[in-house]
Amino acid sequence: MTTTITLTDGATEDAPVPAEKRDDSTPLLEIKDLKISFTTATGTVDAVRGVDLTVYPGQSVAIVGESGSGKSTTAHAIIDLLPGTGKVTGGSISFGGRELVGLKRRQVEDLRGREIGLVPQDPMSNLNPVWRIGTQIDEALVANGFQGSKAERTARVAELLGEAGLPDAARRARQFPHEFSGGMRQRALIAIGLASRPKLLIADEPTSALDVTVQKKILDHLEGLTADLGTAVLFITHDLGLAAERAEHLVVMYKGKVVESGPALQILKDPQHEYTKRLVSSAPSLASRRIQSAHERGQEAEDLLAEHADETATQAPDVVVAKDLTKVFHIRGSRPGTHTDFTAVDGIDFTLPKGRTLALVGESGSGKSTAANMVLGLLEPTSGTVQFDGKDVGKMSAKEQFALRRRVQPVFQNPYGSLDPTYSIFRSIEEPLVLHKVGDRRSREARVRELLDMVSLPQATMRRFPNELSGGQRQRIAIARALALKPEVLVLDEAVSALDVLVQAQILTLLNDLQAELGLSFLFITHDLAVVRQIADLVAVMKDGSIVEHATTDEVFDNPQQEYTQDLLAAIPGASLEIGG
Amino acid sequence: MPDNRYENTSRPGQEHFVAPPEDVRVGVVDAVDTSEAPSSLWGDAWRDMRHRPLFWASAALIVLVILMATIPSLFTSTSPTECHLESSLAGPAAGHIFGFDKQGCDIYARAIYGARASVTVGVLSTVFVVVVGTIIGSIAGYFGGWLDTLLSRFTDIFFAVPFVLAAIVIMSLLQNRNALVVAIVLATFGWTSIARITRGAVLGVKNNEFITAAKALGMGRLAILAKHVLPNAAAPIIVYATVALGTFIVAEATLSFLGIGLPTSTVSWGGDLDKAQVSIRVAPEIMIYPATALALTVLSFIMMGDVVRDALDPKARKR
Amino acid sequence: MLWYIGRRLLQVIPVFLGATLLLYGLVFLRPGDPVAALGGERGLSPAAEIAIREAYHLDQPFIVQYLYFLKGVFTFDMGVTFTGRPVVEVIAQAFPVTFQLAIMAIVIETVFGIGFGLWAGVRKGKLFDSTVLLWSLLLISLPTFVIGFVLQAVVGVQLGWLPITAGRDPDFISLLMPAIVLATTSFAYILRLTRTSVVENITADFVRTARAKGLGRGKIMTRHVLRNSLIPVVTFIGIDLGNLMAGSIVTEGIFNVNGVGGTLYQAITRGENVTVVSLATVLVVVYIVANLIVDILYAVLDPRIRYA
């Protein structure tokens with residue numbers, strides 16, 4: 001995918017030009033003291049509790065907040081798209097001087113698409129699977145009074161898709177959503193959102209489901225497009241770095257309220273509210289340093305740490321060594337007899353020194369998780385070896401392999417899928433001990449309590465079930481379970497990727513403390529380079545099954561050798577922002 | 001808002017604003033809520049069902065039907081097979097509140113005693129299909145590959161013969177009929193749906209990360225199937241089994257009604273309906289009692305399945 | 001698309017062979033000697049017995065007999081009924097009636113099932129919804145023959161609105177009541193299924209996107225909610241044809257319709273095994289073909305399947 005429009009570099013220091021040029025002294029959108037409640041079986045829940053927000057024509061504004069902050073609810077209320085029992089219970093939303101709260105259904109329908117467009121969050125579920133892409137854009141044209149013949153509409157649809165950065169648009173318009181990649185779908189959704197040239201575009205986490213490089217391309221494109229059209233954009237995002245990079249004005253929400261709002265850079269550089277401060281300090285994209293363990297924090301030896309990492313990386317004995325590791329999958333084609341070989345991992349070498357963290361970084365499809373599964377012994381390598389403490393895992397007897405399981409344990413990405421919902425927390429953590437016949441009932445219970453302490457959860461948690469815990473808490477339990485057998489290596493497969501920023505920072509700190517305390521080695525699989533800087537000593541960048549760059553974290557961040565690594569680094573939201581400290 | 005909170009660096013409405021700290025208190029990040037009692041999947045479902053009148057209505061009916069089937073003498077002291085032709089089609093009398101059928105048997109007693117045949121056939125067939133369907137479905141779904149292809153095609157073959165139709169054909173060929181035979185015949189072609197449901201549920205569970213975690217612990221494949229996969233796939237199986245029980249009772253009644261189900265010597269609702277058909281023009285009310293008993297029994301099981309499914313619906317669960 | 005149809009056709013072959021083998025095997029394995037039974041109490045002369053055994057290939061191994069049976073099915077030679085009429089002739093005469101009845105029933109159950117289901121789904125949690133749901137459970141619980149008798153007694157006998165039985169050469173009006181009876185249970189299932197998918201689709205992300213585009217409510221309901229809800233409903237109708245067939249045996253029996261089901265009903269009550277198995281085989285073949293059509297229809301409705 002190549003973008004056809006010249007890209008701005010995305011820095012917010014110089015705000016988008018059209019906004020400055022036009023006479024825009026009156027706000028386009030003015031939200032005052034907005035209150036929204038949901039009715040549930042147990043009573044009403046106030047999701048939004050008095051929000052003020054102003055957007056001027058052609059301007060870009062971002063609402064930043066964690067899940068449950070009410071940011072999406074606020075945005076959906078503007079065009080009356082509140083789900084289920086949601087209702088505006090107070091305040092006003094004025095758009096171009098017109099009050100939107102309490103409009104009739106038909107009036108809102110006229111407004112949607114024509115005046116206010118929406119680019120929704122998840123590109124996978126937001127297109128109807130049974131209609132062609134072109135048809136779904138055409139619908140938007142017809143609904144908003146596009147005058148023209150069928151042929152003219154078809155031409156316009158192709159034009160819109162092309163404008164959204166989709167090459168070969170006329171042919172693409174005849175395809176179905178399942179034939180599109182995530183990035184292409186997101187472009188189609190942008191085409192729909194801008195089809196009728198709205199004055200305001202609500203972009204609800206428009207790229208959070210995409211790879212960072214794709215995300216950057218699409219956001220750059222969107223920025224250029226809306227600047228050309230003079231469209232105001234209201235971003236909804238959880239990513240402070242992205243918000244600051246893409247918007248001139250920020251509104252930080254927490255538990256249904258605005259805690260701080262103002263010029264983007266001012267908020268980032270000099271946050272005033274306690275919550276904003278926390279958010280700024282936790283945002284991985286803005287952090288520039290590796291997290292220190294509790295022990296090191298006491299020592300206050302920042303420079304020492306960097307050196308220390310460099311030295312030990314070469315000196316510490318290697319606990320895991322992968323040599324020429326390759327995995328080929330046979331993929332059956334749609335027609336009988338056709339099948340292709342897909343090389344997921346293509347002869348990679350890496351070493352994990354004892355007590356250190358090696359990050360395997362790559363975008364989706366780079367083969368990083370396949371590599372992790374081979375280290376875990378869940379997949380048989382097609383060729384190449386994994387050595388553990390100098391012994392080839394492939395040549396071990398079944399008994400030795402079973403014993404090895406105790407020494408390498410995984411923590412996975414999805415906090416909702418990583419614990420058996422029918423098991424109590426106690427049973428989940430105890431299971432590895434039972435399976436490997438460690439201790440008796442009593443000592444096992446003591447161990448579970450100890451592990452819960454280790455991951456900073458109250459011991460009473462062990463009587464609970466996974467569905468009662470938050471994502472971060474489940475991830476702590478998954479870590480406790482992985483630690484039950486006192487392993488030497490943890491394979492962390494996107495272990496913090498699904499978590500909110502603050503919780504993510506907490507878990508990273510916990511992992512770091514555990515590493516220092518127990519001498520653990522981490523193989524850290526992630527797509528997020530920003531997180532890598534916070535936790536890893538060594539980085540191996542993967543692309544299309546191969547390792548393109550393998551060096552210490554500081555080397556990779558300060559002086560990336562490969563173009564791909566440079567692209568990845570540039571794509572980190574907020575990377576272009578200069579923030580002192 | 002107090003003016004001193006704004007710095008006049010921006011346009012009206014976009015001044016730097018900071019909420020007063022007492023306005024929004026920033027809590028501890030990610031605290032564990034220990035106020036409520038622990039709730040497991042089934043515990044939650046139970047809590048949900050407790051508040052539904054439909055649950056209690058169907059539970060009460062099921063208990064009643066099971067009592068009728070096991071200890072019919074609790075409900076009547078009249079024998080269902082003690083018939084006097086002289087009271088043929090006679091109306092209600094003392095001790096015979098629903099009157100008599102064509103053979104002069106007590107309708108009320110026959111309606112009570114008929115429960116046993118229906119419940120026996122229903123429960124037996126359901127047990128059979130759950131055992132067979134779960135085994136075949138979980139093996140196909142869990143092991144995949146050629147085993148899945150083979151078992152799925154095998155299931156397709158049995159699925160291609162509508163089970164009531166198959167039962168009608170087989171039963172019309174058999175001489176020795178009893179509850180066990182009827183149950184086996186119904187189950188022979190009735191297990192396919194449950195196999196498909198199990199396979200689907202197992203496929204949905206088996207790629208979860210807790211399964212991978214168990215593999216990484218070195219747990220054996222069969223142990224994972226038994227300890228993690230099946231317990232998580234159980235909910236749709238149980239729901240379907242409840243509904244299937246109702247369906248089997250209807251099927252048994254249909255067979256008996258066609259005269260190829262249980263032998264006429266066995267008291268059954270289907271058989272009584274068959275007999276009542278003869279006198280439908282003169283005494284249609286005879287039909288009402290076995291039909292009502294049958295419909296209420298089936299309704300209670302189907303309604304229970306419905307309530308349980310709603311209670312186990314993951315979307316309705318918190319978080 | 002062609003690949004998909006081709007693959008489905010290939011898959012049908014083993015299913016067809018397996019299903020017919022299963023049915024035929026069951027008849028073969030039944031207790032008692034069919035030939036000896038023919039002779040009744042007096043018994044057949046040994047010569048006659050051998051002649052019959054040869055004529056019906058009963059002296060051959062099971063699998064050969066099965067192949068002769070298959071050949072019979074394909075060459076429309078399926079033996080004769082007790083009254084001496086060829087089974088094929090009986091089927092040819094009965095089939096159009098059953099076909100008409102089945103089409104009427106399918107139209108009734110889908111039109112009303114989808115209509116009520118859509119309305120209940122839109123009004124989820126309201127009085128209409130819960131009333132309709134409870135009634136549908138009740139309908140599912142009632143065996144077809146009970147519904148048949150009740151309608152016969154009330155609409156036919158008491159009110160006299162519709163004819164009680166269909167008889168020979170039935171017209172639309174006389175088939176209406178049997179069609180309604182036949183449709184009842186499936187109507188309830190389709191209603192519930194439609195409601196479930198409508199409730200699911202109405203909160204789907206793509207429906208919200210469609211609303212955000214500025215689409216009117218009517219278009220959203222038809223093009224996005226209803227259109228997507230039809231996919232599982234169509235699949236269900238295919239599977240449900242099996243119930244329709246079993247139901248037609250009872251329904252046609254009660255209303256004295258001279259269709260395949262009615263003939264089967266009479267054959268069962270008279271104990272004509274050969275006719276029963278032949279007719280059942282025909283029904284199974286129809287069922288397999290109908291499901292093939294439904295699968296293709298499913299692919300037309302859902303583009304994701306077409307290219308899979």
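Labels below follow one simple rule: chain letters A, B, ... track the order of the sequence lines, proteins then strands, and each chain is numbered from 1. Computed from a prediction, not measured in an experiment: that's the story for all the values here.
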Distance, nearest 0.5 Å, that separates [atom1] of [X] from [atom2] of [Y]:
X	Y	atom1	atom2	result
A:R114	C:K213	CZ	NZ	15.0 Å
C:I220	A:E109	CD1	CD	6.5 Å
C:D205	A:M124	CG	CE	12.5 Å
C:R217	A:R105	CZ	CZ	4.0 Å

I need the minimum non-hydrogen distance between [X] and [Y], along with the two atoms involved.
X	Y	value
C:G214	A:A143	O-CB, 3.7 Å
A:N126	C:R208	OD1-NH2, 3.8 Å
C:R223	A:W131	O-NE1, 2.8 Å

Return the option, out of [options], with the maximum number of heavy-atom pairs under 4.5 Å with chain C.
options	result
A:A140, A:S196, A:S125	A:S125
A:H76, A:Q121, A:E115	A:H76
A:I79, A:L127, A:V142, A:I192	A:L127

Exercise. Pick one: which of A:L189, A:L81, A:V119 meets side-chain contact (heavy atoms from CB on, under 4.5 Å) with C:T209?
Worked result: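 That would be A:L189.
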
Would you mind checking which part of [X] comes under 4.5 Å of any heavy atom in chain C, side chain (CB onward), backbone (N, CA, C, O), both or neither?
X	result
A:D110	neither
A:N128	both
A:P129	both
A:R106	neither

Problem set entry | Segment of C:I231 engaging chain A (4.5 angstrom heavy-atom cut-off) |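 It is the side chain, since no backbone atom gets that close.
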
For this session: Can you tell which part of C:K124 gets under 4.5 Å to a heavy atom of chain A, answering side chain, backbone, both or neither?
Result: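 Neither the backbone nor the side chain of C:K124 comes within 4.5 Å of chain A.
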
Exercise. Mind checking whether A:E139 and C:K219 have side chains closer than 4.5 Å, heavy atoms only?
Worked result: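 No. Closest side-chain heavy atoms not under 4.5 Å.
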
For this session: Count the heavy atoms belonging to other residues, nucleotides or ligands that lie under 6.0 Å from CZ of C:F112, then report whether that count exceeds 12.
Result: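 Atom CZ in C:F112 is not packed in, count stays at 12 or less.
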
Exercise. Taking atom CZ of A:F329 as the centre, does the number of heavy atoms from other residues, nucleotides or ligands within less than 6.0 Å exceed 12?
Worked result: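 Enclosed: over 12 neighbouring heavy atoms sit under 6.0 Å from CZ of A:F329.
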
For this session: Check the side chains of A:Q136 and C:H224 for a donor-acceptor pair under 3.5 angstrom, ignoring hydrogens and angles.
Result: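 Distance-only check fails for C:H224 and A:Q136.
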
